[in-house]
Amino acid sequence: MLDKTFDPKTAEPRLYKRWEDSGAFAPISDPKAETFSIVIPPPNVTGSLHIGHALNNTLQDVLIRFERMRGKAALWVPGTDHAGIATQMVVERQLAEEGNASRRDLGREAFVERIWEWKAKSGGTITNQLRRLGASCDWSHERFTLDEGLSAAVRKVFVRLHKEKLIYRDKRLVNWDPHFQTAISDLEVEQREVEGAYWHFAYPLEDGSGEIVVATTRPETMLGDTAVAVHPGDARYTALIGKCVRLPIVGRPIPIIADEYADPEKGSGAVKITPAHDFNDFQAGKRHKLPMINIFDPFARVNENAPEEYRGLDRFAARKKVVAAFEELGLLRGIENIRHMVPHGDRSGVVVEPYLTDQWYVDAKVLAQPALKAVETGQTVFEPRHWEKTYFEWLRNIEPWCISRQLWWGHRIPAWYGPDGRIFVAETEAEVQGLAREHYGRDEPLRQDEDVLDTWFSSALWPFSTLGWPEKTEDLSRFYPTSTLVTGFDIIFFWVARMMMMGIHFMGEVPFSRVFINALIRDEAGQKMSKSKGNVMDPLELVDVYGCDALRFTLTAMSGAARDIKLSRQRIEGYRNFGTKLWNAARFSQMNECQRVAGFDPATVKSTLNLWIRGETVKTCREVTAALEACAFDDAANALYRFIWNVFCDWYLELAKPVFSGADEVAKAETRAMVAWTLDECLKLLHPVSPFLTEELWDKLGEFGPPREGMLISAQWPDLPADWIDARAQAEIGWLIDLVSEVRSIRAEMNVPPGARVPLSVTGASAETRGRVARLGGLASTLARLASLTEVDAPPTGAVPFVIGEATAALAIAEFIDVAAERARLTKDLAGLSVDIDRTAKKLANADFVARAPEEVVEENRERLADAEAAQVKLKAALARLETVG
């Protein structure tokens, strides 16, 4: 007999080990099998599993288990990202805590060796956590973005793109982190709202005829101003265009230029232009060929390009000194206190500086064109489709991609400099020395570039480098292009687009045919999760409390087309109860001797009840299959929930009870076999979403009846014939369920005592319905607690009527309830609902509220209004019914 309850704490590690040890995660070797492959979005090697990882990897695992059961050669490639800045920061902090030397004291080679030591000891944390989530990755294919094979791929790509003039060095603005002294990507920049000010400065015209006022939130950058811009259509300044102002403090003349970047409606309409320290100003500087004066060193201290008294000052100290100088010069025209967004390094926490520096770049615009065309022509599709617009917007406005980072941990750039500064690029140092010898005619000392590549560069190669490229491996020919990518919307540009660019350029094919963008998980109130709010949900803690399957089912069931998931513990607990319901159904089946029978064929069943459940199983199988094929995860989960909880447990097993207690041994044997067969189909269909519970039941129930052939993870996905749906049985049992459901609903609405047996009559019945009343009346009376079910010419008084097919049924409840009290209760509830509806509707009709309130608050009010209106409809219907009672 099954234990009373399923124990996930002991079952999950035991079952996962069995799967992994058996080799079930590896793709089948059959060369004729259709392939299905997924590459995992590689988590940072420093990371721990968060709720977003849990969602993303659950959906991937649902797909890979589904396709594996369908007989495909299913490969899910796992791996981790070396996470340059994050990993370097972890080890630097570790050195500081130990009281050891800094990385610069250690030197590059020793520091990198120290990181490898850390990686060997602690780098497997997140992959072990993925195992706890049930992720059935093929761990024999696990890759790391700095492993030998991927490093070779990175070098080959860099060298080829450099030869094709698609990688080059340039001096441009980057996001500069003064703490780590490196360029960082936009994704590593966090916008924070802070207190600040607009300082209004007067710049005197060089000819002494007046002044022009500009405003800035960063006064220190005026030391690098090279122009003042006004809009060409701004009549106030038409006569000044082409003249110069004398830059205060610095003393150099700078021109007044006409540029549409200046907004006549903002401030004075004039804008200071600092091309070396502002991204918009940089573009204006290029348009007008302005000098680009960098006034900071890598630590964000003022450098030698500023007046002597400012040199060496921290940027914020310089800010105070500049403002004081303007005030002293009588050129400070005002200070306007504001709150505004300021970019910070997401790991360092310091203000990021737009910084002009020499870096390596990829000509992303050229590589983007085929990537754009691939999505425009449907070679790759996004689900939900609206994310294609985001992809298009980014790629159509793409800028050169800065790929160099001033770090030590990462792929060192394969470029060397000769004594005259000439650059040599090759995959190995030996090749570089040969190139240099060919150029100089002799051996010359070479110096390798100190920088490493952006981690997104190696990640962009992930779909083909993980399969063995640049070698022509069997995996590469078999599994590239991959099938589906499951990822988050925040890295559509940083990762998805770049994989598209690199995959098409180096493989000649898109890296995946479908991109599924999973939702963002928020708390139950719709707020973004953050440590500062204290609303972060730890997936491993949730697994400890509710079991892995409950969390997985919750995340799957809530993964619809919406952008956000509102996650609550109550929802997870509810889906844990769903698992308990199935476990109890299996125990009930055992108690009633329902076990698999050798040679049993569902095609041969005779009873109406068993024909009905066979048809319902077929319909659910087709519905779940279609949903998973379309990545409609919520539809699949909801179909499973409805079938297992409502159809199988609540109706089929309930309707089977009289058979089990009856005397017809033939019917009893058929129903027992059919219960066992249907339960097996439930386990197969549910397995991709809830693998542990289903595998445990498959194993335990397999001890009864003929021996199982292998584990559930490797079982064949159901493919049931459409002609197993019996229309007569569907109509017959459907009629019974509708009748009982309606009676139960009325009893609940009208507060009929649970123990009361109420008479039910039917009028206007066809011959078919009369036959059903005769055949199913006794069963209906038991399930609906009826005193009788009879056919009459006219409905009795004191009864609530309802339609059942072509007939009208009437439930005589007058003697069982206090009609006046029920009318008063319903009227009072309706009045309360009306007040709530009016209040919420007025709030939502207020444009100011909708515009200013947080998005989650507006959405909460919309949901409240919809729920209240639905409840109002039900109460009005109940009140109308009550009027027929008297």
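Small disclaimer: the values here were computed from a predicted structure and weren't measured.
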Report, as yes or no, whether the 6.0 Å neighbourhood of atom [atom1] on [X] holds more than 12 heavy atoms from other residues, nucleotides or ligands.
X      : atom1 : value
Asp650 : CG    : yes
Glu703 : CD    : yes
Gln716 : CD    : no
Arg622 : CZ    : no
Glu474 : CD    : no

Q. With under 30° as parallel and over 60° as perpendicular, where do the rings of Phe553 and Tyr641 fit, or are they tilted in between?
A. tilted

Can you list, pair by pair, the side-chain donor-acceptor contacts under 3.5 Å of residues 503-512, counting residues two or more places apart and other chains?
from: His505; atom 1: NE2; to: Glu164; atom 2: OE1; distance (Å): 2.7

Which heavy atom of [X] sits nearest to which heavy atom of [Y], and what is that distance?
X      : Y      : value
Leu372 : Tyr391 : N-OH, 4.2 Å
Ala586 : Leu701 : CB-CD1, 4.4 Å
Arg587 : Leu2   : NH1-O, 2.7 Å

Q) Considering the options Trp139, Tyr16, Trp76, which one meets the ring pair (Phe, Tyr, Trp, His ring centres under 6.0 Å) requirement together with Phe25? A) Tyr16

Does [X] use its side chain to pair, donor to acceptor, with the backbone of [Y] at less than 3.5 Å?
X      : Y      : result
Trp717 : Leu685 : no
Ser513 : Ser483 : yes
Arg571 : Leu555 : no

Q: Identify, with sequence neighbours excluded, every residue that meets side-chain contact (heavy atoms from CB on, under 4.5 Å) alongside Ala33.
A: Ile28, Asp30, Ala73

Q: Going by the side-chain contact (heavy atoms from CB on, under 4.5 Å) test, name the single residue among Asp549, Leu697, Thr580, Asn584 that passes it with Phe6.
A: Asp549

Q: Would you sort out whether Asp680 and Lys684 count as a salt bridge (charged side-chain N to carboxylate O under 4.0 Å, His left out), showing the intermediate values?
A: CA-CA 6 Å; Asp680 269 6; Lys684 293 175 192 174; 5.9 Å; no

Contact between [X] and [Y] at the side-chain level, heavy atoms closer than 4.5 Å - yes or no?
X      : Y      : result
Val77  : Ile40  : no
Trp651 : Trp612 : yes
Phe633 : Asn518 : no
Val675 : Asn592 : no
Ile64  : Asp61  : yes
Phe643 : Lys619 : no

Q: Just do the salt bridge (charged side-chain N to carboxylate O under 4.0 Å, His left out) check on Glu681 and Arg614 with the steps written out, would you?
A: CA-CA 10 Å; Glu681 300 310 291; Arg614 185 185 71 184; over 6 Å; no

Q. On the ring face of Trp698, is Arg708 found with NZ or CZ under 6.0 Å from the centre and within 45° of the axis?
A. yes

Q. Under 6.0 Å between the ring centres of Trp387 and Phe382?
A. no

Q: Please test Arg18 against Asp699 for salt bridge (charged side-chain N to carboxylate O under 4.0 Å, His left out), starting from the C-alpha separation and ending with a verdict.
A: CA-CA 12 Å; Arg18 274 187 65 197; Asp699 180 56; 3.7 Å; yes

